[in-house]
Amino acid sequence: MTLEKEEIKKLEEYAYQIRRLSVEMIAFSQWGHIGGAFSIAEIMAALYFREMKLDPRQPKMESRDRLILSKAHASPALYACLELAGFLPKNSIYKYCELGGLEGHTHVGSAPGIEASGGPLGMGLSVAVGMALGMRMKENPRSRVYCIMGDGEINEGNIWEAAMSAAHYHLDNVIAIVDYNKAMAKGFVWDQMNIEPVADKWAAFGWNVIEIDGHDMEQVVNALHEARWIKANGKPTAIIAHTVKGKGIETAEFNYKWHTHAPDAETADKFLRELSRTYGRPEQGYSKLNLKNTKDTFYGGE
Amino acid sequence: MTLEKEEIKKLEEYAYQIRRLSVEMIAFSQWGHIGGAFSIAEIMAALYFREMKLDPRQPKMESRDRLILSKAHASPALYACLELAGFLPKNSIYKYCELGGLEGHTHVGSAPGIEASGGPLGMGLSVAVGMALGMRMKENPRSRVYCIMGDGEINEGNIWEAAMSAAHYHLDNVIAIVDYNKAMAKGFVWDQMNIEPVADKWAAFGWNVIEIDGHDMEQVVNALHEARWIKANGKPTAIIAHTVKGKGIETAEFNYKWHTHAPDAETADKFLRELSRTYGRPEQGYSKLNLKNTKDTFYGGE
Amino acid sequence: MAANSVEKDMRDAFGATLVELGHKHKNLIFLDADLHTSTKASYFKKAFPDRFIQVGIAEQNLFGISAGLASEGFIPMPSTFAVFASRRALDQIAISICFPKLNVIIPGSYVGIPTSRAGGSHNSIEDIAIMRAMPNMKVADPLCNNDLSAIMRTALETGGPVYFRITRYDVPEFFSDSHSFEWGKGITMREGSDITLFGTGVMTWKAMQTAEALEKKGISAEVIHLASIKPIDRELILKSVSKTGCAVTVENASTSGGFGDAVLEVISENHPVRVSKIGVVDSFIESGGIEELFSHYKMQPEHILAAATRMIQLTT
Amino acid sequence: MAANSVEKDMRDAFGATLVELGHKHKNLIFLDADLHTSTKASYFKKAFPDRFIQVGIAEQNLFGISAGLASEGFIPMPSTFAVFASRRALDQIAISICFPKLNVIIPGSYVGIPTSRAGGSHNSIEDIAIMRAMPNMKVADPLCNNDLSAIMRTALETGGPVYFRITRYDVPEFFSDSHSFEWGKGITMREGSDITLFGTGVMTWKAMQTAEALEKKGISAEVIHLASIKPIDRELILKSVSKTGCAVTVENASTSGGFGDAVLEVISENHPVRVSKIGVVDSFIESGGIEELFSHYKMQPEHILAAATRMIQLTT
Ligand SMILES: Cc1ncc(C[n+]2csc(CCOP(=O)(O)OP(=O)(O)O)c2C)c(N)n1
Ligand SMILES: Cc1ncc(C[n+]2csc(CCOP(=O)(O)OP(=O)(O)O)c2C)c(N)n1
Ligand SMILES: [Mg+2]
Ligand SMILES: [Mg+2]
């Protein structure tokens with residue numbers, strides 16, 4: 001499938017906005033995970049603004065596609081999408097990590113359009129399997145459940161229990177996406193706990209496997225299309241997306257020190273200006289640069 | 001490696017005794033799992049009476065090999081070995097499931113020679129990995145840790161966490177044995193939760209894989225030899241042992257209804273006589289046939 | 001209230017009630033982790049094969065899948081032994097189920113002492129403490145078959161997350177078929193004035209036997225059955241101890257954080273009286289015969305009686 | 001005992017003490033599940049790279065491996081956030097570690113309210129209840145850095161299984177460098193006659209602040225710090241309430257089955273007085289600022305003061 005240039009440009013603009021809003025909310029709340037939000041920006045853009053069937057006015061619509069962000073610490077990317085797609089009113093993102101606002105990790109109770117509560121890694125794929133089984137029972141053949149996992153996250157045995165069961169139940173309505181950004185919280189994947197040969201693992205657990213460059217929008221869109229329409233062969237599909245942790249800001253790229261780290265206002269401003277330059281947009285800094293920070297810098301640093 | 005006929009005969013005699021003692025203790029305690037004890041009888045005989053370095057007078061000897069029976073409900077096979085090998089005084093097996101005696105599932109506190117407490121499936125391989133790492137740190141290169149798992153047991157995610165880490169740490173001193181007896185507690189593996197392609201799974205998790213007929217003593221002995229001496233290549237080795245649940249008693253074979261079921265005295269007697277005939281031994285029945293049973297038949301039936 | 005002499009395995013009542021509820025609630029789905037003929041969920045499987053899901057030996061997945069089903073509008077009942085429900089997938093229960101307050105009903109099978117010969121790894125004693133500590137979770141422990149059925153019916157009506165216990169122990173039937181259960185409501189099984197015996201689960205039976213023995217000694221014991229452990233019947237507890245002035249709690253579980261502590265909390269803040277807790281004291285239950293274990297862990301009527309007598313003596 | 005004004009992150013004290021203990025105990029092995037720079041175990045990694053094992057994001061394996069190492073004669077310290085230590089691998093902790101009573105020392109990092117913006121999935125509140133319910137487990141919650149270091153030293157001397165908490169909260173230093181810790185021994189931080197405030201962990205600081213505020217109102221509060229939750233100092237608890245006649249317990253955790261219940265158990269059986277428990281009441285802690293959350297969940301000195309005043313009024 002060849003995509004029109006225009007469509008790709010539109011989606012890349014969304015990826016840019018997802019990154020911007022992520023920095024805005026993490027800097028404002030002084031808490032959050034930039035690296036893992038950035039590595040899925042293209043994937044989230046492609047899902048929310050092209051692939052997934054969604055209606056912000058009917059967030060529970062039966063025929064919708066479902067997304068479980070199993071690596072729930074990347075919640076800023078999700079909240080950004082929900083705001084950009086109209087599930088949340090403008091500026092909701094500044095309620096990130098506020099009491100009564102958007103939970104630090106995704107939580108069903110925080111906002112419409114969030115399908116599962118998370119935080120502990122490794123649990124989302126099981127929830128996705130449950131939804132997929134439920135959709136089957138409701139005779140809803142069209143909807144798909146997407147589940148985004150981290151590469152470190154798939155150390156968790158719960159993932160493999162879920163993977164085995166998805167294959168056993170022929171759930172080709174489940175599409176797993178592994179954000180293979182090569183880094184975990186405290187080091188590189190190959191060093192801390194090697195997951196290779198990762199494609200073989202999913203294949204041996206009974207899945208179709210597609211490997212892509214997760215920052216190449218055309219590859220992302222095509223893989224999602226293939227997973228939904230071509231690989232509907234009774235096997236669930238896993239997309240192994242090769243990505244870069246922190247992609248888009250030079251100091252954060254491939255740098256696990258930016259796994260969890262809230263930039264101060266000045267740094268946030270610098271990051272956002274860098275982002276605009278990278279994307280060839282008019283330079284635009286941090287919107288709250290001049291607001292006095294009243295919050296504890298919590299996870300800050302590491 | 002070709003084995004002498006005599007050696008094979010000796011080991012087969014042990015397998016026979018393991019089965020006999022298992023029936024004796026399960027019938028006497030009115031609790032236990034015949035099917036999964038029988039399917040590993042040859043493997044246990046080969047380990048305890050040939051392959052493993054052990055000394056019943058020094059059950060904690062540093063240079064010993066360690067065995068973790070992760071499928072800890074098959075404890076009768078282990079207790080039989082411990083008694084036959086002299087770790088336990090004669091007739092200890094009649095303390096099976098007695099207060100202060102041998103726990104229903106393997107427990108460190110029950111007897112010398114038991115390396116780990118168990119019962120919940122899926123946990124033993126992690127303990128084996130810990131021991132193997134410990135042996136490395138103590139610069140004990142000779143000892144091996146064996147871990148016997150059920151085929152249903154490898155549904156558990158904990159197994160795959162452990163498997164990934166054993167490969168990551170190059171623990172070729174860990175030898176995993178999957179008792180692929182095709183049945184779980186309540187049905188067949190392929191039907192309840194398919195584990196195929198099981199060899200591919202272990203290979204994709206970074207293990208050497210050897211597939212054998214787990215009731216062919218020569219194959220069992222050779223696989224253990226190969227795992228220890230030939231495959232010491234920095235990868236842990238998994239032996240996939242194709243077996244028959246309940247092997248040795250016709251009504252129990254390949255029959256998950258005998259997964260957990262305590263035979264009454266008459267049935268135990270029948271079973272033991274059948275066993276002697278199958279093994280071409282003088283017919284010998286249940287030793288406690290005429291003792292009045294005073295125990296609740298607990299799991300009996302199913 | 002007199003005990004009916006017919007004793008029947010609680011698991012059969014579980015299976016039968018499941019089928020009844022399956023007819024009533026078309027969106028009830030049963031999920032099994034390779035134990036359905038032990039738990040007797042096999043009755044449900046036979047009646048509703050399409051609403052029975054086998055997940056194999058994978059309890060984390062069991063509860064995760066249940067969360068997914070619940071968010072699709074089904075009422076999943078993920079089932080395994082109580083030790084695994086409480087210890088093997090607790091993060092999943094807490095965050096995938098309790099945090100979003102999903103309608104998941106969790107039966108915990110084979111609880112406490114009567115799990116008997118299976119031994120320390122299988123005899124569930126911390127499940128009350130653990131489940132009670134889960135925010136949003138409701139917890140119940142039935143005395144007998146009709147109590148269990150009533151709890152199951154109410155659980156389906158009022159919605160989850162709910163955890164209830166099933167004991168493999170032959171208890172006489174104390175209630176009629178039309179017995180009903182309400183969250184936060186206890187039942188006065190027997191009135192008395194000298195001490196209150198608060199029981200939950202099958203231990204209320206042992207409390208009843210104790211009350212009879214106490215009566216022979218001229219001591220009048222009130223027996224209150226609190227199947228609903230969370231929420232708990234604060235009013236009934238306080239009314240009773242205001243009258244009797246001391247109490248013993250009895251549970252088929254560890255005394256750390258469980259039922260006894262739930263009762264203590266109410267009493268201590270509002271009407272402090274002397275209370276002794278009967279249950280397993282910080283110990284694994286090793287293999288053994290059922291009554292032998294009850295004796296070994298000092299949970300028989302004679303032990304309850306001794307505790308009651310001590311409480312009364314120290315109080316007056 | 002006056003609080004030293006220097007406030008330092010408890011995690012740094014943890015890291016520094018780890019290194020000290022690493023020198024002393026050559027068989028101490030640290031196991032990490034991808035969090036060592038957060039927990040500050042990185043200090044140990046740097047000092048003893050060969051005794052630091054990274055297991056990745058796999059907590060079941062973390063505790064299972066620790067069991068294996070312990071049975072080989074090492075003293076493993078498997079480390080993760082407290083929510084995962086208590087909820088993600090509980091079956092492994094119970095059966096692989098506690099049942100055989102292995103020498104495993106478990107630090108639970110990031111407990112309770114001060115985990116703050118991470119939210120409901122990360123703010124550990126049930127860990128005291130859960131760990132206390134594990135047979136053979138000892139449980140401690142330090143007030144300040146020197147308390148933590150003392151607990152760690154004692155844990156290594158007396159052996160596991162041990163669980164202790166680490167709070168990411170700036171608490172003044174109450175003890176000297178030579179402070180020592182003994183299992184089952186509490187500390188009278190301040191004598192008083194009208195009420196006892198029993199505190200554990202960082203909440204003892206809030207109890208101290210409450211006592212000062214009460215003093216201004218002419219109420220004399222005794223403050224007892226019980227870092228050792230299990231075993232607990234029965235004698236000291238009873239001696240104090242015999243004198244004061246009522247009490248409040250304060251903990252940075254859920255009131256279900258935790259520290260408060262451990263105190264209640266002792267009091268109720270032996271010397272019943274009125275007790276109110278301060279802590280999180282059956283609720284997940286959502287994201288928010290630290291003090292904002294302490295206020296929202298009614299765990300500030302003002303709330304302790306209100307509870308204390310109420311207990312005193314109802315008692316006299
Ligand atoms: C069960 C569990 N263990 C540990 C953590 C703490 N934690 C949060 S993010 C993270 C690293 C995740 O790495 P990865 O899956 O690779 O995600 P990404 O690189 O996309 O951020 C860890 C260890 C957690 N949230 N859940
Ligand atoms: C975690 C856990 N879940 C459930 C059980 C109950 N259980 C005991 S044995 C068994 C079936 C085991 O099947 P398999 O692993 O194939 O063993 P085998 O066939 O060798 O008996 C089950 C489900 C358990 N012991 N542990
Ligand atoms: Mg990553
Ligand atoms: Mg099997």
Side-chain angles (χ1 to χ4, degrees), chain A residues 59-64 66-68 70 72 103-111 113-140 143 145-147 156-169 171 173-174 205, chain C residues 22 25-34 48-78 80 84 87-106 134-137 160-161:
Chain A
K60 283 289 193 183
M61 170 179 76
E62 176 58 33
S63 62
R64 77 193 184 283
R66 283 93 166 138
L67 175 98
I68 312 273
S70 189
E103 273 275 297
H105 297 84
T106 65
H107 174 42
V108 170
S110 283
I114 300 175
E115 302 279 0
S117 297
L121 293 163
M123 300 185 348
L125 192 60
S126 287
V127 180
V129 166
M131 288 180 165
L133 282 166
M135 281 156 30
R136 279 274 166 83
M137 284 192 264
K138 289 190 278 184
E139 300 183 9
N140 167 356
S143 300
V145 192
Y146 297 89
C147 178
E156 287 287 353
N158 191 163
I159 296 291
W160 301 104
E161 294 181 3
M164 200 187 273
S165 68
H168 181 74
Y169 283 108
L171 298 177
N173 52 351
V174 172
F205 273 72
Chain C
H25 301 272
K26 300 292 176 206
N27 53 349
L28 174 61
I29 309 283
F30 196 93
L31 294 102
D32 182 43
D34 195 26
F48 309 102
D50 296 343
R51 285 153 58 190
F52 179 91
I53 300 176
Q54 179 58 255
V55 308
I57 310 172
E59 293 77 13
Q60 300 194 105
N61 199 30
L62 173 75
F63 289 100
I65 289 180
S66 297
L69 283 166
S71 73
E72 291 294 327
F74 294 94
I75 309 178
M77 198 182 274
T80 176
F84 306 128
R87 293 196 307 229
R88 195 55 175 262
L90 193 56
D91 217 13
Q92 287 75 10
I93 289 177
I95 302 309
S96 294
I97 294 173
C98 288
F99 195 17
K101 215 175 170 179
L102 291 177
N103 191 6
V104 178
I105 314 288
I106 307 171
M134 293 291 113
N136 296 334
M137 184 76 95

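Residue numbering restarts at 1 for every chain, and letters A, B, ... go by the order of the sequence lines.
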When the 4.5 angstrom heavy-atom criterion is applied to C/Ser96 and chain A, the contacting part is both

Search all heavy atoms of A/Glu161 against all heavy atoms of C/Asn61 and return the closest pair with its distance.
OE1-N, 2.9 Å

Identify the two heavy atoms, one from A/Asn158 and one from C/Gln92, that lie closest to each other, and give their separation to 0.1 Å.
OD1-NE2, 2.7 Å

When the 4.5 angstrom heavy-atom criterion is applied to A/Val108 and chain C, the contacting part is side chain

Show the nearest heavy-atom pair for residues C/Ile95 and A/Gly118, with the distance to one decimal.
CG2-O, 3.8 Å

So what's closer than 4.5 Å to chain A heavy atoms on C/Leu31: side chain, backbone, both or neither?
neither

Of A/His168, A/Met131, A/Met164, the largest count of non-hydrogen pairs under 4.5 angstrom with chain C goes to A/Met131

Quick check: do C/Leu69 and A/Met137 have side-chain heavy atoms less than 4.5 Å from each other?
yes

Treating A/Lys138 as the side-chain partner and C/Gly73 as the backbone partner, does any N or O pair qualify as donor plus acceptor under 3.5 Å?
no

Heavy-atom proximity to chain A below 4.5 Å, by part of C/Phe74:
side chain

Tell me, for A/Glu103 versus chain C, whether the close heavy atoms (under 4.5 Å) come from the side chain, the backbone, both or neither.
side chain

Do A/Glu115 and C/Ser71 have side-chain heavy atoms sitting under 4.5 Å apart?
no

CG of C/Leu62 to OG of A/Ser126: how many Å apart, nearest 0.5 Å?
9.5 Å

What part of C/Glu59 is in contact with chain A, defined as an atom under 4.5 angstrom from a non-hydrogen atom: side chain, backbone, both or neither?
backbone

Examine whether an atom of A/Ala162 lies under 4.5 Å from a heavy atom of chain C, and if so say whether it belongs to the side chain, the backbone or both; otherwise answer neither.
both

A/Leu133 side, atom CG; C/Ile65 side, atom CD1 - distance, nearest 0.5 Å:
6.0 Å

Please classify the contact of C/Asp50 with chain A as side chain, backbone, both or neither, using a heavy-atom distance under 4.5 Å.
backbone

Main chain of A/Gly134, side chain of C/Glu72: is a donor-acceptor contact present, judged purely on distance under 3.5 Å?
no

Top contributor to chain C contacts, counting heavy-atom pairs under 4.5 Å, from A/Gly157, A/Pro120, A/Ser165:
A/Pro120

